[in-house]
Amino acid sequence: MPNFDLQIYAVLAQIPQGKVTTYGDVAKMAGYPRHARHVGKLLGTLPKDSRLPWFRVVNAKGMISLTGSRFTRQRELLLDDGVEVKENGAISMRRYRWDGEPA
DNA sequence: TTTCTGACAAGAG
DNA sequence: ACTCTTGCCAGAA
């Protein structure tokens, strides 16, 4: 298991409930800037029953990057999390962006 | 080894 | 605000 994978998981686990962050930021906070795409690929491999808050990660535009049923799932989870998500998957980063501070 | 592919991002029109 | 292009980098083919 590559070290950066573990770092990414570590960062992921710290995202507070009700907040979101971006692929790029997760990569940066994990100590591997410019690896945003890898973060997404890694999240895609997470087991369905994973306890990690993968759904709190969206793209730099503040949009859910998934499609179809996956999109719906992430949106539901975020709504349950207390995050306002428009029908098109848009989120107000100004309000929900995680600054990196622990919960 | 070269090429292609992403749950991406930043910059230029 | 929006579309397009270029840069990115680890895996898979």
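So you know, we letter chains A, B, ... as the sequences are listed, proteins then strands, and number each from 1. What you see below is based on every heavy atom in this structure, not just the backbone, and it leaves out hydrogens, waters and symmetry mates.
- Screening residues 59-74 of chain A for salt bridge (charged side-chain N to carboxylate O under 4.0 Å, His left out), with sequence neighbours left out, gives no hits.
- As rounded to whole Å, 16 Å separates atom P of dG6(B) from atom CG of N59(A).
- Hydrophobic clustering (ILVMFWY, side-chain heavy atoms < 4.5 Å, transitive): F71(A) and M63(A) are in distinct clusters.
- Per the geometry, CZ belonging to R56(A) stands 17 Å off C1' belonging to dA7(B), to the nearest Å.
- Within the 4.0 angstrom heavy-atom criterion, only backbone atoms of the sugar-phosphate kind lie near G24(A); the bases stay farther away.
- Y23(A) is listed as a side-chain neighbour of S65(A), based on a closest heavy-atom distance under 4.5 Å.
- Atom CE of M93(A) is separated from atom P of dC8(B) by 13 Å (rounded to the nearest Å).
- Evaluation of the side-chain contact (heavy atoms from CB on, under 4.5 Å) rule for P16(A) yields K19(A), W98(A), A103(A) as partners, not counting sequence neighbours.
- Atoms CD1 (I64(A)) and P (dC8(B)) sit 12 Å apart, rounded to a whole Å.
- Within residues 71-90 of chain A, no residue has a heavy atom under 4.0 Å from DNA chain B.
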List, with names and distances, any nitrogen or oxygen atoms from the protein found under 3.5 Å away from nitrogen or oxygen atoms belonging to nucleotides 11-13 of chain B.
none

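- We find that CG of L42(A) is positioned 14 Å from C1' of dC8(B), with the value rounded to whole Å.
- Under the side-chain contact (heavy atoms from CB on, under 4.5 Å) criterion, R34(A) pairs with no residue, sequence neighbours left out.
- Qualifying side-chain contact (heavy atoms from CB on, under 4.5 Å) partners for N3(A), counting only residues two or more places apart in sequence or in other chains: Q7(A), Y32(A).
- Taking only side-chain nitrogens and oxygens, T67(A) never comes nearer than 4.0 Å to OP1 or OP2 of dA7(B).
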Kindly list each side-chain donor-acceptor pair under 3.5 angstrom involving residues 75-85 of chain A, sequence neighbours excluded, with atom names and distances?
from	atom 1	to	atom 2	distance (Å)
R75(A)	NE	V85(A)	O	3.2
R75(A)	NE	K86(A)	O	3.0
R75(A)	NH2	V85(A)	O	3.0
D81(A)	OD1	R56(A)	NH2	3.0
D81(A)	OD2	G18(A)	N	2.9
D81(A)	OD2	R56(A)	NE	2.7
D81(A)	OD2	R56(A)	NH2	3.3
E84(A)	OE1	R95(A)	NH2	3.2
E84(A)	OE2	Y96(A)	OH	3.4

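- Scanning all heavy atoms of the two residues, the minimum distance from P53(A) to A13(A) falls at CD-CA, 4.4 Å.
- Using a 4.5 Å heavy-atom cutoff, the side chains of V57(A) and T22(A) are not in contact.
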Without placing hydrogens or testing angles, list every side-chain donor-acceptor pair under 3.5 Å for residues 35-50 of chain A, not counting sequence neighbours.
from	atom 1	to	atom 2	distance (Å)
H38(A)	NE2	D5(A)	OD1	3.0
T45(A)	OG1	L42(A)	O	2.6
S50(A)	OG	L52(A)	N	3.2

Would you tabulate the nitrogen or oxygen pairs shorter than 3.5 Å linking the protein to nucleotides 9-13 of chain C?
from	atom 1	to	atom 2	distance (Å)
dC9(C)	OP1	R34(A)	NE	3.0

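- Counting only residues at least two apart or in different chains, side chain to side chain donor-acceptor pair (under 3.5 Å) contacts with residues 9-18 of chain A are absent.
- In this structure, the CG atom of L43(A) is 12 Å from the C1' atom of dC8(B), given to the nearest Å.
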